[in-house]
Structure formats: structure tokens, C-alpha cells
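One structure below.
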Amino acid sequence: MINGAINDLAKARQELASAQSLEQLEQIRVSYLGRKGLLTEKLSSIKDLPPEDRRAAGQELNRIKRELEGLLESRQAELGKDAEEKDRQQKIDVTLPGFGTERGSRHPVSIILEEIVDIFEGMGFSVEEGPDAETDYYNFTALNFPKDHPARDMQATFYLESGLVLRTHTSPVQIRAMTKLKPPLRVICPGRVYRCDADVSHSPMFHQVEGFQVDRHINFAHLKGVLMQFLKEFFGGDIKIRFRPSFFPFTEPSAEVDIGCLLCGGKGCSACKQSGWMEILGSGMIHPNVLKNVGYDPEQWSGFAFGIGVDRLAMLRYKIDHIRLFYENDLRFLKQFY
Ligand code: PHE
């Protein structure tokens, strides 16, 4: 019986080596180890042997069985891998063209922001930055906002639980830069700002470039000269500009600048709220209280400051009639800029 089993094992080895599929492997397993398999039958006839031979025969047959099981398993792994590889080869058609790679494009607001910074750098301004989450002191108090000024109202300002505010303008960077540096200075501060506000030309998050110059004998003509030069470079010659008296706690006197709406040519449209003009910046002579707050003597130093609405400039440049388009991340829109 044992010899028979050893022969079975040798035969099974040959059959396993020439098996080409997992199905054939299963047939081989059944014919040796299945319920009526050759080896199974030999194992169950151990009981017919004389008692003294049973133990040795059982041990030997079990060894052969284990060996066969081991062989089956490793062949199964081999054939399984082959099948997977074949499958993969059938699925991949190497002659198909590739997907191609799409190029990203720069965000229109980033393009305009960089352009603005470039123009001012050309006029000798250097860049300073500050945090988006500001203290009340930098965003309001140091900028000469009285304690009960309406601009501190909850409606315009996002207050954070930490007690900080999301800066409502880039003007706090004026305070940070003036505290850090010594006059004379010429600085611009590009960045994100936040206000609880939304319509065609307002978004809760938008961009400003703050700019200011402090020196001896700086006056309103310097402010006007710098802004006119900037607008000429940015828009080319073909625009209408108007300075309009205004109020900011941190400048005196103050002016806002409007551009003749380029979307409708001044006729009136939804983007300019039918006025024919779009407000693009606030400006003025830095208030003596602000200079005092940063330790500059207003008798010796004077300065101007301005804050430009970057998104508005981008709307005018690209003739976009709703600020929301900049923040919806619609690729069909964003792909048109580079
Ligand atoms: N901070 C003002 C605003 O956001 C703009 C401004 C900046 C006005 C500097 C005057 C001087 O509306």
C-alpha cells in the first residue's frame, strides 16, 4: 500500500507540473485527495492492516498527503499569477493614445495682484505682509477708529472665537510695517481681506493692496501723482478717473477713486450699479493720530496711504460682471486666463 502511495505521489507530481489551468489543478486535487481520491482511499483502508503495521502506514501516508497538499498549493499560486498577468495584458491596449496632460492656469486675481505689485515695485515701493487674523488693536484701534465706530459693527466684521478678527482691510499692515521700519518709507501690502458682504461687486473674502509713503513734506499732490501713474500704467491711457471726497478714520483728508466702468463704457450696468463708475480704491493723508500711534512725530513726518480693491480691477480688466465668478472655481471660467 505504501509503495502504491509513493507511486501516486510521483504521478501527481508529473500531472501538477503539466497542469495549465486552475481547473485542471482542481481535478488533480479531487482525484488524489477528494472523498474518493486515491490517497483518501488508501488512508481509509489502514484499518484493514494488521494492528502492528497501522501506525507506521498511517504516518507515511499522512506525510505523502501533506507533501501533495504543499505541491498543490505552490502550483496554484504559480498558475494564479499567470492568470492575473494574462488578464492584465488583455485589458491594457498599449496602442491606445494616452490621456494627455492638461496645463493649469493662473487665477485671474493672482495675475492682477502680481501686476499691481510689479508696478509699485517699479516706483520704489517694497512689500510687507501681515496676518489674516488680526487683533482689534491693529485692525481698528491703532488706525484711529473710535471705540463705537460703525465699521466695528458685527455686520461688517467677522469676529473669531479667539477674540481676533478677520482683517477687514490691509490697513493694519500699515501699523505693523511702520512699527517695524523707520521713516522715510514706501511700502505696499498685498493680501486677503474679509467682510460680511456679498453682491455683484462684493465678496466675503477679497483682495487689497495697501500702499503708503512716509517722508518729510509729503502732501496730497504726491498721493495723486503716484495713483495717477499707477492707473496709467495699469489701464493704459484710455480711462476716466475721478477723485471723490470721502472719510476714513485713519486718513485726513480722504478720497476715493472711481474708474469709468469699462464693462458698459459708462452707460450704466449691473456691475457698476447703473452709475457708470466703479469705486476701486480708498486713499488719503495718514492721520496724525496714526503716526503718533506708531511713534512717528507728525510735526516731522507726513504720509499718504491708499487701499486698492484688486478684485474690482480684475473685473474691469477682464470685463467680468460678477465678482462671484472668481471664487466658484469653475474650470471653464478659470481656463481662460494664463
Ligand atoms: N482701508 C480702506 C478700506 O478698506 C482703504 C484705505 C486704505 C483708505 C488706505 C485710505 C487709506 O476701505
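Being a predicted model, the structure only gives us computed values, none of them experimental. Every number for a ligand or one of its atoms is a count from 1 in the order of the listing. Both backbone and side-chain heavy atoms feed into the values below; hydrogens, waters and symmetry mates do not.
With hydrogens and angles left out, the side-chain atoms of H202 and R324 include no donor and acceptor closer than 3.5 Å.
T157 is not listed as a side-chain neighbour of R195, based on a closest heavy-atom distance of 4.5 Å or more. You'll find the side chain of I286 stays beyond 4.5 Å of the side chain of Y296, heavy atoms only. With a 4.5 Å cut-off on side-chain heavy atoms, E134 and V165 count as touching.
For F212, no heavy-atom contact with ligand 1 is shorter than 4.0 Å.
Interface of A305 with ligand 1, defined as ligand atoms under 4.0 Å from a residue heavy atom, comprises 9 (C), 11 (C). The distance from ligand 1 to the heavy atoms of F250 drops below 4.0 Å at these ligand atoms: 1 (N), 2 (C), 6 (C), 7 (C), 8 (C), 9 (C), 10 (C), 11 (C). If you number the atoms of ligand 1 from 1 as listed, the ones under 4.0 Å from a heavy atom of Q208 come out as 3 (C), 4 (O).
Between E129 and R176, none of the side-chain N atoms (NZ, or NE/NH1/NH2) sits under 4.0 Å from a carboxylate O, so this pair counts as no salt bridge. In summary, E85 and K81 do not engage in a salt bridge, as defined by a charged side-chain N under 4.0 Å from a carboxylate O. Salt bridge annotation for K42-D8: present, with a cationic side-chain nitrogen under 4.0 angstrom from a carboxylate oxygen. Using a 4.0 Å cut-off between charged side-chain N and carboxylate O, D87 and K91 make a salt bridge.
Checked against a 6.0 Å centroid threshold, the rings of Y318 and F337 count as neighbours.
Proximity of R195 to ligand 1 is established by a heavy-atom distance of less than 4.0 Å. No heavy atom of S254 sits closer than 4.0 Å to any atom of ligand 1. Residue contact annotation: F304 has no non-hydrogen atom under 4.0 Å from ligand 1. The shortest separation from a heavy atom of E256 to ligand 1 is not under 4.0 Å, leaving the residue out of contact.
At under 3.5 Å, not a single nitrogen or oxygen of E210, backbone or side chain, sits near a nitrogen or oxygen of ligand 1. At under 3.5 Å, not a single nitrogen or oxygen of S283, backbone or side chain, sits near a nitrogen or oxygen of ligand 1. In terms of polar-atom proximity, defined here as any N/O pair under 3.5 Å, H169 does make such a contact with ligand 1.
Nearest protein heavy-atom neighbour of atom 6 (C) of ligand 1: G282 O, 3.6 Å.
Considering each of G284, P172, G307, S171, the one bringing a non-hydrogen atom nearest atom 1 (N) of ligand 1 is S171.
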